[in-house]
Amino acid sequence: MSGLNLRDFAKAFPTEGRVVLCTHRHPDPDGLGALTGVQFLLQQRFGLASDFVLEGRIRRAENAAMRDLLGIHGLPKGSVDPADYCGVVLVDSQPGFSHTHPPGGIPILAVIDHHRGPKEDGGLAVAPVFSWVDDSYGATSTMVHDLLRAFEVEPDERVATALFCGVRYDTNNLMRGAGPKDEEAFRWLEQRANRRIIAEIDDPPLPRSWFQMMHQALTTCRTHGPLALTLLGDVANPETVAEVADWLLRLEGRTWSLAGGACDGLYQVSLRTDATGADAYPAMRAILGDEGSCGGHGRMAGGQVPLDGRTVDEVRRILRERAVQHFGLEGEAEEAVVPVWEPGARTVAR
Ligand SMILES: [Mn+2]
């Protein structure tokens with residue numbers, strides 16, 4: 001872990017050239033907010049232009065709305081010529097994280113992140129010129145807010161809105177993993193953000209595919225006592241799985257929700273809990289057993305299992321058995337959430 005040293009940050013950058021800004025695959029609001037803030041800082045304080053290179057697709061409707069309404073657009077990854085750039089800045093992720101692949105052949109100048117590092121000691125796998133990694137922050141956007149204010153750069157409305165989205169989504173409006181620094185950033189950015197845009201990002205139009213996915217989730221979900229288990233087939237992206245897990249945790253009487261779906265040769269899983277004092281990470285670790293990787297803390301955990309030539313059904317069966325066993329629910333009846341009905345059949349709402 002390292003603290004913020006403004007002189008070291010400034011020294012990491014050359015006096016001219018163009019910079020690539022990256023975050024993890026399938027960027028979320030915190031990654032997008034931090035990118036926008038760093039771009040503004042580099043331009044205003046150091047006179048450096050930069051481009052975003054975004055990996056993976058942004059599919060969650062809220063995130064896509066943020067991208068579109070704030071004009072956060074990346075270059076196609078294959079189009080980056082290393083000769084055009086002097087360095088990379090990585091935010092909300094670190095070199096060595098499996099979901100992060102900055103374009104090769106360009107030195108990493110700076111890393112700003114609030115996750116623990118990939119190595120056993122929590123350190124970075126590759127040493128960049130400057131690194132500021134501090135897991136006491138609830139969001140990387142809070143760190144970038146601190147950076148802007150330390151350099152006395154006043155964000156414009158667009159940048160403040162982007163950073164505000166990052167802080168509030170990563171901390172769930174200061175209710176998850178947020179500390180005093182996040183609270184200060186939240187209040188300060190809120191004053192400067194565009195509320196109409198925030199409202200649109202919170203409540204975007206949803207495509208038919210979202211309703212189809214939720215329909216599939218409802219018909220797939222089975223409860224085993226306090227556990228809602230929603231192991232889907234193929235899904236468009238890992239965020240869908242997280243969204244389904246969040247949603248079905250709200251089912252009355254459920255204190256654990258495990259959702260999964262296949263994407264890019266991996267079976268993605270998300271676990272959520274609202275049981276008092278429960279920790280999702282060890283439960284996820286136990287359910288995945290010796291395969292796959294996972295991360296998380298507190299009420300949420302996410303992971304992935306390589307299909308490795310197995311069918312999706314086989315992996316779903318294994319995960320269901322392990323989850324039921326882990327929570328000691330072998331004696332509980334398996335129940336559907338919604339009645340299975342044939343199209344055209346008369347249904348009576350009770
Ligand atoms: Mn984050």
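Every number for a ligand or one of its atoms is a count from 1 in the order of the listing.
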Under 2.8 Å from the Mn ion (ligand 1), the protein N, O or S atoms, given as residue and atom: D30 OD2, D92 OD1, H114 NE2, D170 OD2
Pair R192 + E154, salt bridge at N-O below 4.0 Å: yes
Pairing of R18 and D81 as salt bridge, 4.0 angstrom limit: no
Ring centroids only, cut at 6.0 angstrom: are [X] and [Y] within range, meaning strictly under it?
| X | Y | answer |
| --- | --- | --- |
| F164 | W188 | no |
| F9 | W132 | no |
| F130 | F13 | no |

Close side-chain approach of M213 and E243, heavy atoms under 4.5 Å: no
